[in-house]
Visitor: 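Once you've had a glance at the structure underneath, I'll fire off some questions.
Within every chain, numbering begins at 1; the chains are lettered A, B, ... in the order of the sequence lines, protein sequences first and strands thereafter. Here the structure is a predicted model, which is why all the values come from computation and not from measurement.
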Amino acid sequence: MTASPLYSSIYAHVRRVPAGRVTTYGRIARQVACTARTVGFAMAALPAGHDVPWQRVINSQGKVSPRRSGDGDLIQRQLLEAEGVQFDARGRVDLVRYGWDPDGGRAGRNRTKERL
DNA sequence: AGGTTGACAAAGG
DNA sequence: GCCTTTGCCAACC
């Protein structure tokens with residue numbers, strides 16, 4: 001185990017993201033009191049056998065980041081679509097619609113009707 | 001011990 | 001709306 005508490009916190013927050021919803025690195029970074037880069041790094045450092053939906057984590061632009069190795073970005077899009085997340089013509093996700101707010105849980109006003 | 005890279009974000013042009 | 005620069009923090013060489 002020996003996993004840094006920081007990483008554990010990041011993973012914990014990502015796990016809190018419900019299916020069909022997406023969040024941004026900056027938002028998680030804000031929750032764990034860290035920078036967005038650290039969050040991205042934590043995702044890249046995901047160990048095998050993790051139950052963390054890293055695919056639900058995208059950048060503030062509402063788009064998946066073109067990572068350097070592998071075609072994970074394509075996988076991410078496929079997984080999100082499988083969860084019910086729709087992408088824009090340019091491959092962009094509507095954060096206002098699918099964006100998961102850590103504080104939005106209390107006031108459902110901003111929470112767009114989950115049903116399309 | 002120091003420099004570079006990286007699944008980012010915010011601000012400026 | 002897109003591209004460039006700066007700041008950030010952690011891992012890798």
Side-chain angles (χ1 to χ4, degrees):
Chain A
M1 326 231 228
T2 75
S4 291
L6 178 60
Y7 275 46
S8 298
S9 297
I10 295 172
Y11 299 147
H13 275 276
V14 177
R15 270 195 213 98
R16 284 183 60 191
V17 181
R21 221 75 128 189
V22 293
T23 187
T24 64
Y25 297 95
R27 227 165 268 183
I28 296 177
R30 205 61 173 155
Q31 294 296 317
V32 303
C34 212
T35 59
R37 263 199 191 176
T38 308
V39 178
F41 228 82
M43 294 289 119
L46 270 170
H50 62 38
D51 41 352
V52 181
W54 59 273
Q55 47 210 59
R56 290 175 197 152
V57 184
I58 58 179
N59 55 19
S60 66
Q61 299 176 7
K63 300 189 294 193
V64 300
S65 280
R67 66 198 42 50
R68 303 272 116 236
S69 59
D71 38 332
D73 61 295
L74 304 176
I75 305 284
Q76 181 169 10
R77 176 162 174 164
Q78 293 291 334
L79 290 168
L80 288 176
E81 285 184 326
E83 292 189 347
V85 178
Q86 295 186 349
F87 281 75
D88 199 313
R90 299 196 302 278
R92 187 150 78 183
V93 181
D94 193 346
L95 290 174
V96 183
R97 190 173 181 143
Y98 299 104
W100 176 68
D101 300 302
D103 299 305
R106 51 190 164 86
R109 161 141 2 130
N110 193 1
R111 195 103 310 326
T112 42
K113 332 116 233 183
E114 16 215 292
R115 90 173 209 100
L116 303 210

Visitor: Check every atom of C:dA10, B:dA7, C:dC2 against the side chain of A:Arg90 and return the nucleotide holding the closest atom.
Guide: C:dC2

Visitor: Between A:Ile10 and A:Val52, is there a side-chain heavy-atom distance shorter than 4.5 Å?
Guide: no

Visitor: Please report the distance, rounded to the nearest Å, between CZ in A:Arg92 and P in C:dG1.
Guide: 6 Å

Visitor: Which residues in residues 54-64 of chain A have at least one heavy atom lying under 4.0 Å from any atom of DNA chain C?
Guide: none

Visitor: Side-chain contact test, heavy atoms from C-beta onward, threshold under 4.5 Å: evaluate it for A:Asp94 versus A:Asp88 and give yes or no.
Guide: no

Visitor: Side chain of A:Tyr7, heavy atoms from C-beta onward: which of C:dA10, B:dA9, B:dA7 has the nearest atom to it?
Guide: C:dA10

Visitor: What about A:Val39 and A:Leu46, same hydrophobic cluster or not, with Ile/Leu/Val/Met/Phe/Trp/Tyr joined at side-chain heavy-atom distances under 4.5 Å?
Guide: yes

Visitor: Tell me which nucleotide among B:dA9, C:dC2, C:dA10 gets nearest to the side chain of A:Ala36.
Guide: B:dA9

Visitor: Nearest to the side chain of A:Ser65, heavy atoms from C-beta on, is which of B:dA7, C:dC9, C:dA11?
Guide: B:dA7

Visitor: Could you state the CG-C1' distance from A:Leu6 to C:dA11, rounded to the nearest angstrom?
Guide: 13 Å

Visitor: Can you tell me if CZ on A:Arg77 sees more than 12 non-hydrogen neighbours from other groups inside 6.0 Å?
Guide: yes

Visitor: Expressed in angstrom and rounded to an integer, what is the separation of A:Tyr11 atom OH from B:dA7 atom P?
Guide: 14 Å

Visitor: Would you mind reading off the distance between A:Leu79 atom CG and B:dA7 atom P, rounded to a whole angstrom?
Guide: 18 Å

Visitor: When you get a sec, tell me which of C:dC8, B:dA7, C:dA10 is the closest nucleotide to the side chain of A:Gln76?
Guide: B:dA7

Visitor: Is the closest side-chain heavy-atom distance between A:His13 and A:Thr23 below 4.5 Å?
Guide: no

Visitor: Write down the distance between CZ (A:Arg30) and C1' (C:dG7), rounded to a whole number of angstrom.
Guide: 14 Å

Visitor: Between C:dC2 atom P and A:Asp88 atom CG, what is the distance in whole Å?
Guide: 10 Å

Visitor: Nearest whole Å is fine: how far is C:dA11 P from A:Met43 CE?
Guide: 14 Å

Visitor: Is the backbone of A:Asp51 close enough, under 3.5 Å, to the side chain of A:Tyr11 for a donor and an acceptor to pair up by distance?
Guide: no

Visitor: Can you tell me whether the side chain of A:Tyr25 and the base of B:dA9 have a donor-acceptor pair closer than 3.5 Å?
Guide: no

Visitor: What integer distance in Å separates A:Phe41:CZ from B:dT5:P?
Guide: 13 Å

Visitor: Counting C-beta onward and ignoring hydrogens, is there a side-chain heavy-atom pair between A:Arg97 and A:Val85 closer than 4.5 Å?
Guide: no

